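Beneath this line is the structure, given in structure tokens, with notes to follow.
From a predicted model like this one, the values you see are computed outputs, not experimental measurements.
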Amino acid sequence: MSQPAAAYDVAIIGGGHNGLTAAAYLARGGRSVVVLERRDIVGGAAVTETFHPGFRNSVASYTVSLLNPGIIRELQLARHGLRIVERPVANFWPVDETRYLLMPYGLAARQQAIAAFSARDAERLPGYEAALERAAGLLRDLASRTPPNAGSGWIEAIRHAGLGGRLAGLGLSDKRLLLDLFTKSAADFLSGWFESEVVKGAFAFDGIVGAYASPSTPGTAYVLLHHCFGEVNGKTGVWGHAVGGMGAITQAMAAAAREAGAEIRTDAPVDEVVIENGRASGVRLESGEVVRARAVAANVGPKLLFRDLVPAGAVDEEVRGAFLNQKTGSGTFRMNVALCELPDFTCFPSLGAGTGAHHGAGIVIGPTLDYLERAYLDAKLSGWSREPVVEMLIPSTLDATLAPQGRHVASLFVQHVAPHLPGGRTWADPSEREKFADVVIDTVAKHAPNFARSVIARQVLSPLDLEEKFGLVDGDIFHGQMGLDQLFSARPVLGYADYRMPVEGLYLCGAGAHPGGGVTGLPGRNAAREMLRDLRGRVRA
């Protein structure tokens with residue numbers, strides 16, 4: 001009996017930013033595409049929602065830098081309404097009652113800020129930044145390529161990805177640099193450059209973002225590098241805000257996809273990938289409807305894909321086990337708060353009620369390398385840190401559309417919490433979530449005493465909430481940890497790094513694929529490129 005004709009060339013599971021990116025490129029390539037999103041709004045974790053009357057904010061993902069400029073340009077996202085504004089300064093670290101590190105843009109200004117803690121570190125800064133930029137240049141190139149299904153390690157993977165010539169042309173010092181960044185901990189890497197615990201802690205923060213790890217964990221130097229290859233409005237090393245919140249990015253992507261001819265369906269949760277004669281031939285929705293397609297692309301985490309959506313027995317059990325054993329959990333807790341006034345920091349008191357440049361920065365409560373280390377160890381022992389690491393952004397200082405006049409919204413990205421609490425406790429108990437939320441508020445209030453009383457309302461998302469709301473298994477914002485064993489040819493697992501999954505016609509287009517997490521759009525674009533090749537008749541070797 002012949003199979004029913006496919007209604008679409010590609011069905012995409014999940015309308016997050018990578019799924020929408022893939023849909024836009026596939027449709028621009030002349031393919032019929034449908035995006036199936038289980039929620040009533042597209043965007044995945046990059047959405048803007050009202051969480052208290054008059055107050056709206058980016059719910060999960062919260063800042064812009066890694067979004068690929070080529071994707072912005074090729075999909076004409078600005079024409080579809082996307083506008084990104086730059087932070088006035090990069091980051092602000094309250095250290096104690098009198099000291100702070102305010103990191104501006106411009107090398108000379110950064111050196112001056114760092115010199116308050118170490119003249120030697122200020123002298124070393126230009127060399128450090130130049131080294132990171134050289135490494136980031138290689139990463140930008142690698143991120144846009146399809147990794148090979150090699151089994152001989154990351155160096156061989158880079159060679160096969162077409163970068164061997166570049167590696168061969170590097171001097172020995174740069175080869176040592178790459179080896180350090182791909183193997184060392186952030187703490188060890190930074191100790192080779194700097195002496196101040198405050199300066200090292202400031203730079204090490206990027207090494208633990210989205211990583212349930214301490215800065216002394218091997219592999220966190222790469223996580224640090226991963227957060228350094230972005231840019232905003234053509235300026236590298238700059239962080240920004242999408243006017244209207246992160247949902248403005250995905251709404252622009254959805255508009256670009258629709259303009260190219262893609263269909264987007266919300267309230268369309270997928271129950272199962274339909275596999276016939278060993279090949280993905282569509283999906284079955286929870287309603288029972290079957291959507292036929294020549295190929296299926298999953299913009300969900302690989303663990304979720306093989307745990308919940310690929311039928312048991314469809315792949316070899318050893319292969320399935322490799323996907324299910326992928327390490328997940330980013331130690332992340334998210335809060336959005338409505339404020340009646342801006343926080344007034346003891347170390348940097350506001351003059352009157354005005355907005356300071358530091359209010360538009362990434363405000364990081366994580367003053368030293370030792371503080372970052374303790375936060376992780378505490379969470380491993382007791383389930384959450386009693387002194388957590390908090391990055392607070394107040395996007396309403398840059399975007400008046402998010403809050404009533406004179407009021408503000410703040411995003412709090414918090415680490416560390418365990419994905420699963422010890423001692424029989426569970427995030428399903430609302431009291432656990434609220435108790436830790438109180439700890440977070442108190443942590444900020446230690447540096448800005450008016451903060452606790454300024455909170456009008458709060459939205460709180462534990463790792464379990466992030467999984468239930470956005471499908472992030474164990475609350476993992478990267479769809480899988482970004483350790484050395486889950487990068488490049490080993491992302492998501494060895495043998496399936498080229499976006500093609502172990503079922504013919506099934507692809508992975510989300511952050512669980514290369515190059516990994518962050519709002520980049522690159523997994524979606526890269527996967528679409530491979531699908532277009534296969535749909536033109538090229539078969540997998």
Less than 3.5 Å apart, any donor N or O on the side chain of [X] or [Y] sitting next to an acceptor on the other?
X	Y	value
Asp370	Thr368	no
Arg525	Thr520	no
Ser454	Glu341	no

Shortest non-hydrogen contact from [X] toward [Y]:
X	Y	result
Pro302	Pro492	CG-CB, 3.7 Å
Gly362	Arg87	N-NH1, 3.3 Å
Pro419	Trp427	O-CD1, 3.3 Å
Pro349	Asp344	CA-OD1, 3.3 Å
Val417	Thr332	CG2-O, 3.6 Å
Cys347	Arg99	CB-O, 3.6 Å

Tell me if a side-chain donor or acceptor on [X] pairs with a main-chain N or O of [Y] at a distance below 3.5 Å.
X	Y	value
Arg334	Ser462	no
Gln486	Lys327	yes
Asp206	Leu224	no
Ser61	Ala45	yes
Ser214	Tyr376	no
Asn526	Ala143	yes
Arg79	Ala256	no
Gln415	Ala211	yes
His514	Leu142	yes
Asn57	Val337	no

Determine which pairs satisfy side-chain hydrogen bond (donor to acceptor under 3.5 Å, both in side chains) with at least one residue from residues 245-257, sequence neighbours left out, and list them in order.
->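 Of all non-adjacent pairs touching residues 245-257, none passes side-chain hydrogen bond (donor to acceptor under 3.5 Å, both in side chains).
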So the side-chain hydrogen bond (donor to acceptor under 3.5 Å, both in side chains) pairs with at least one residue in residues 472-482 (sequence neighbours excluded) are Thr328-Asp474, His420-Asp474
Indicate yes or no: at least one non-hydrogen side-chain atom of [X] is less than 4.5 angstrom from one of [Y].
X	Y	result
Val47	Arg39	yes
Leu77	Met253	yes
Val223	Val209	no
Leu20	Leu75	no
Asn336	Val409	no
Met103	Trp93	yes
Ser396	Arg407	no
Ile363	Ile394	yes

Would you please test Leu461 and Val59 for side-chain contact (heavy atoms from CB on, under 4.5 Å) and show each step?
-> CA-CA 9 Å; Leu461 298 170; Val59 178; 3.7 Å; yes
Determine the interplanar angle of the Tyr128 and Phe189 rings, folded into 0 to 90°, and report it as parallel if under 30°, tilted if 30 to 60°, perpendicular if over 60°.
-> tilted
Over 60° means perpendicular and under 30° means parallel, so classify the ring planes of Phe306 and Phe323, tilted if in between.
->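 Rings of Phe323 and Phe306: parallel, as their planes differ by under 30°.
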Pairwise ring pair (Phe, Tyr, Trp, His ring centres under 6.0 Å) hits with a residue in residues 41-67, at least two apart = His52-Phe55, Tyr62-Phe413
With side-chain contact (heavy atoms from CB on, under 4.5 Å) as the test, would you mind laying out the steps for Asp40 and Asp267 before giving the verdict?
-> CA-CA 5 Å; Asp40 62 357; Asp267 295 308; 3.5 Å; yes
Residues which pass salt bridge (Lys or Arg N to Asp or Glu O under 4.0 Å) with Glu129, listed by chain and number, not counting sequence neighbours |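 With neighbours one apart ignored, the set is Arg110.
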Just jot down the salt bridge (Lys or Arg N to Asp or Glu O under 4.0 Å) partners of Arg258, sequence neighbours excluded, or say none.
->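 None.
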Hey, what do you get for CG (Leu369) to OG (Ser216), rounding to the nearest 0.5 Å?
->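 The OG atom of Ser216 is 8.0 Å from CG of Leu369, to the nearest 0.5 Å.
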Working to the nearest 0.5 Å, report the span between CG of Leu522 and CG of Leu66.
->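 Rounded to the nearest 0.5 Å, the CG-CG separation comes out at 9.0 Å.
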In a table with atom names and distances, give each donor-acceptor pair under 3.5 Å that connects a side chain of residues 235-249 to protein atoms at least two apart or in another chain.
from   : atom 1 : to     : atom 2 : distance (Å)
Lys235 : NZ     : Glu86  : OE1    : 3.3
Lys235 : NZ     : Glu86  : OE2    : 3.3
His241 : NE2    : Asp399 : OD2    : 2.9

In chain order, what residues pass the ring pair (Phe, Tyr, Trp, His ring centres under 6.0 Å) check against Tyr371, with sequence neighbours excluded?
-> none
List for me each residue that meets side-chain contact (heavy atoms from CB on, under 4.5 Å) alongside [X], sequence neighbours excluded, and say none if there are none.
X	answer
Ala448	Pro343, Phe345, Asn450, Phe451
Ala268	Leu36, Arg265, Leu285
Ser382	Asp378
Asp188	Lys184, Ser185

Begin with the C-alpha distance, continue with both residues' side-chain angles, and end with the deciding distance and a verdict on side-chain contact (heavy atoms from CB on, under 4.5 Å) for Leu342 and His408.
-> CA-CA 7 Å; Leu342 291 168; His408 290 278; 3.5 Å; yes
Has [X] got more than 12 heavy atoms of other residues, nucleotides or ligands less than 6.0 Å from its [atom1]?
X	atom1	answer
Arg38	CZ	yes
Glu133	CD	yes
Glu286	CD	yes

Within the 6.0 Å centroid threshold, strictly below: Phe182 and Phe488 = yes
Just list the side-chain donor-acceptor pairs under 3.5 Å for residues 435-443, sequence neighbours left out, or say none.
from   : atom 1 : to     : atom 2 : distance (Å)
Asp438 : OD1    : Arg458 : NH1    : 3.0
Asp438 : OD1    : Arg458 : NH2    : 3.0
Thr443 : OG1    : Val439 : O      : 2.7

Give the intermediate values and the outcome of side-chain contact (heavy atoms from CB on, under 4.5 Å) for residues Leu304 and Glu467.
-> CA-CA 10 Å; Leu304 186 150; Glu467 178 165 353; 5.9 Å; no
Option among Val460, Leu466, Leu412, Val390 that satisfies the side-chain contact (heavy atoms from CB on, under 4.5 Å) test with Phe333 =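 Of the listed residues Val460, Leu466, Leu412, Val390, the side-chain contact (heavy atoms from CB on, under 4.5 Å) partner of Phe333 is Val460.
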